[in-house]
Structures are given as C-alpha cells and as structure tokens.
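Read through the structure below, which is laid out as structure tokens, and then see the notes.
Note that the structure is predicted; figures quoted are calculated from it, not measured.
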Amino acid sequence: MAGRDAFALPRLRPMAAARAAACVAALLPALLPLAGAMGPTHAIFDYEADVRDLDVGDLDDMESDVTPYFLDDMKKRKTPQPTFEQMREDPSAWMGSSGMSGSTKMGFTTLTLAKSEELGMTGTEALARQWTGLMTTGGVNAQLYATDPGKILVVTHTMGLMAGVKKFVLAQPEVDYWEMDQKRQYPEGRTEAIDSDEKRNKRELELGWRKPSKDEQKKEKEKKKKDKKSKGKAKRSSSSSSSSESSSSGAAKDGDKAVASENAAKKRKLEEGSTSSESQSS
C-alpha cells in the first residue's frame, strides 16, 4: 500500500524502535490534515497496522523482546531500597552488597570513644554533613547518616566510589576504624581499635546511648546471682566466726571466775592460819 511504503522504517534495536513507533503514533494524527492539504499523493489507511509492521514487540509490556541485561537492570531499579530506619535498626543486615541492589554499597565509620563523647549525637550529625561536603568537592558522591553518637553510615550508589570514601575516612584523625562487609580496617600505623569492644559497650550503656542486648542482660543477671551467693557465704562465715569468738570469750570468762574463786579460797585459808597462830601466842 502507498501509505505503508511511504512510512516504512528499517529494523531498529528494540528500544530505539519502540521510541520511533511511539513518535510515529503521536505525530500521525497531526500530520493527517497536512497530508490532505498537500494532495492525495500519500494515503494512510491504518496507522496502527503500520506501527505493528515495525516489529518492535509489545509496546505495553516493556519486559518482552528486550535483552537479558536490560531486563536485569529493570528488576534492580524496581527493587525497593532500605529506609534509613531499617538500616539504623539492623545495620549488619544491609552491609556490603547483601540486601542491596548491584552497585549500592554500605560502610560504617566508628569514631574514637573520646571523640564520640565529645561530639554526642548532634556533633556526629554535623560531622557527617561536613564530610559529605568535602567528599562531594573531591568528586565522591556519597550519602552519610549519623546513626548513633560517634557512628556514621556511608552509602554509595556508583560502582567503585567506596574506595574513595574509605581513603577519605581513614585519613581523618578522629576515626577509630572503618567497617565494610563485616571486615574492619584501621588508619595507617594501627592494626587494632583504640577502644576495645568491651570498653566501648560498657561506656555506651553507662551513657544510655543504647539498651543492653539479651546476652548482656543474661550475663548481668548471672553476675548479680553470683554476687548474692558470695555475700550469703561471707555472712554465714562471719556469723560462725562471731559464735566461735563468743564461745571462746565465755570460756575465758568461766576460767577467770574459777581462778578468782581459787585465789579467794587460798586467801581465806591464809587469813585463818594467821588468826590461829596469833591465838596460840596469846
């Protein structure tokens, strides 16, 4: 047909062909009056059939007739990203690439305990904003969130950016360690954290920054139970010692009484003997 020959297009790649078909479908109604004004050289009888003849697949289904790479990319885009609250509630569940789409990566920065106490939550949030600006200036586009006093979550959505983030973070003097994929890394010159986990956990509980975990609550109960038993034993031991001392003291008193009684008897005998001698002399 004349109309079909006039608007026939070469075979294109699926996406390019889809765009071309959509443009043709949108423009045809506007071009029809112009075609009539120019004369009956070209007549379009069925533009929908013309679009079908382009062989671009189903325009209503973007997942049909596409490459596996394009389909995989579409699925990743549709995967919902975790909210900040989800990441804050259980950061380890979202670390690295687990639970995240392809190029999205997560890492955690932990400041020294002294700096964490100095900054508090407000100061940590301000530091996260400051670092975001510095990294953006250096060409590293990352999102930073203060999750707790002295702890900053870093998220990137571009492959390879996390290397730049790690380099920047570990160069900061207030950083204790960097953690990603459950592996810790330390600033140059150190192979371990400045503050041990035990010291940090104890101090965080004292400051009320977090609630004790179930394991910590269990250990605390066991410790209290042991302390109670130890106090009970000490009390019983003290009572036994007091009883022994009382018995010893009583026995000593009885002994003293017996000695005093014996001495008194001897004194009386001496006095009686002396009186008897005086009578005989008289």
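- Closest heavy-atom contact between Met162 and Gly107: CE-N, 3.9 Å.
- Ring centroids of Trp178 and Phe108 are separated by 6.0 Å or more, keeping the two rings apart.
- Within the 4.5 Å cutoff, the side chain of Ile152 has heavy atoms near those of the Trp131 side chain.
- There is a path of hydrophobic side-chain contacts, each under 4.5 Å, that joins Leu144 to Leu134.
- Taken to the nearest 0.5 Å, the CD atom of Gln172 stands 11.0 Å off from the NZ atom of Lys115.
- Checking Leu127, Ile194, Asp195 one by one against Leu111, the side chain to side chain contact (heavy atoms under 4.5 Å, CB included) holds for a single residue, Leu127.
- Under a hydrophobic-cluster definition in which Ile, Leu, Val, Met, Phe, Trp and Tyr are linked whenever side-chain heavy atoms come within less than 4.5 Å, directly or via other members, Val175 and Tyr177 are assigned to different clusters.
- Follow the hydrophobic side-chain contacts under 4.5 Å out from Leu205 and you never reach Trp209; the two are in separate clusters.
- Residues Met106 and Met180 have side chains not in contact (no heavy-atom distance under 4.5 Å, counting atoms from C-beta outward).
- In this structure the side chain of Arg210 never reaches within 4.5 angstrom of the side chain of Asp148, judged on heavy atoms.
- We find the CD-CE distance between Gln130 and Met135 to be 10.5 Å, quoted to the nearest 0.5 Å.
- Rounded to the nearest 0.5 Å, atoms CD (Glu174) and OG1 (Thr109) are 10.0 Å apart.
- A donor-acceptor pair under 3.5 Å is absent between the side-chain atoms of Thr110 and the main chain of Lys151, judged by distance alone.
- In this structure, the separation between CD on Glu204 and NZ on Lys199 is 12.0 Å, given to the nearest 0.5 Å.
- Ion pairing of Arg184 with Asp197 is present here, as a side-chain N (NZ or NE/NH1/NH2) and a carboxylate O approach within less than 4.0 Å.
- Scanning all heavy atoms of the two residues, the minimum distance from Gly150 to Ser116 falls at CA-OG, 3.3 Å.
- Note that the OG1 atom of Thr191 and the CD atom of Gln185 stand 13.0 Å from one another [nearest 0.5 Å].
- A salt bridge does not link Glu198 with Arg203: none of the charged nitrogens is closer than 4.0 Å to a carboxylate oxygen.
- Under a cut-off of 6.0 angstrom, the local environment of CD in Glu192 is sparse, with at most 12 non-hydrogen atoms contributed by other residues, nucleotides or ligands.
- Between Ala128 and Ala146 the shortest heavy-atom distance is CB-N, 4.4 Å.
- Of all non-hydrogen atoms in Leu170 and Pro187, the two that sit nearest each other are O-CB, 3.6 Å.
- Counting heavy atoms from C-beta on, the side chains of Val154 and Gln143 never come closer than 4.5 Å.
- In this structure, Arg200 and Asp176 have side chains that are in contact, with non-hydrogen atoms separated by less than 4.5 Å.
- When the side chains of ILVMFWY residues are joined at heavy-atom separations under 4.5 Å, either directly or via intervening members, Tyr186 and Leu113 end up in two distinct hydrophobic clusters.
- The shortest distance between side-chain heavy atoms of Thr156 and Asn141 does not fall below 4.5 Å.
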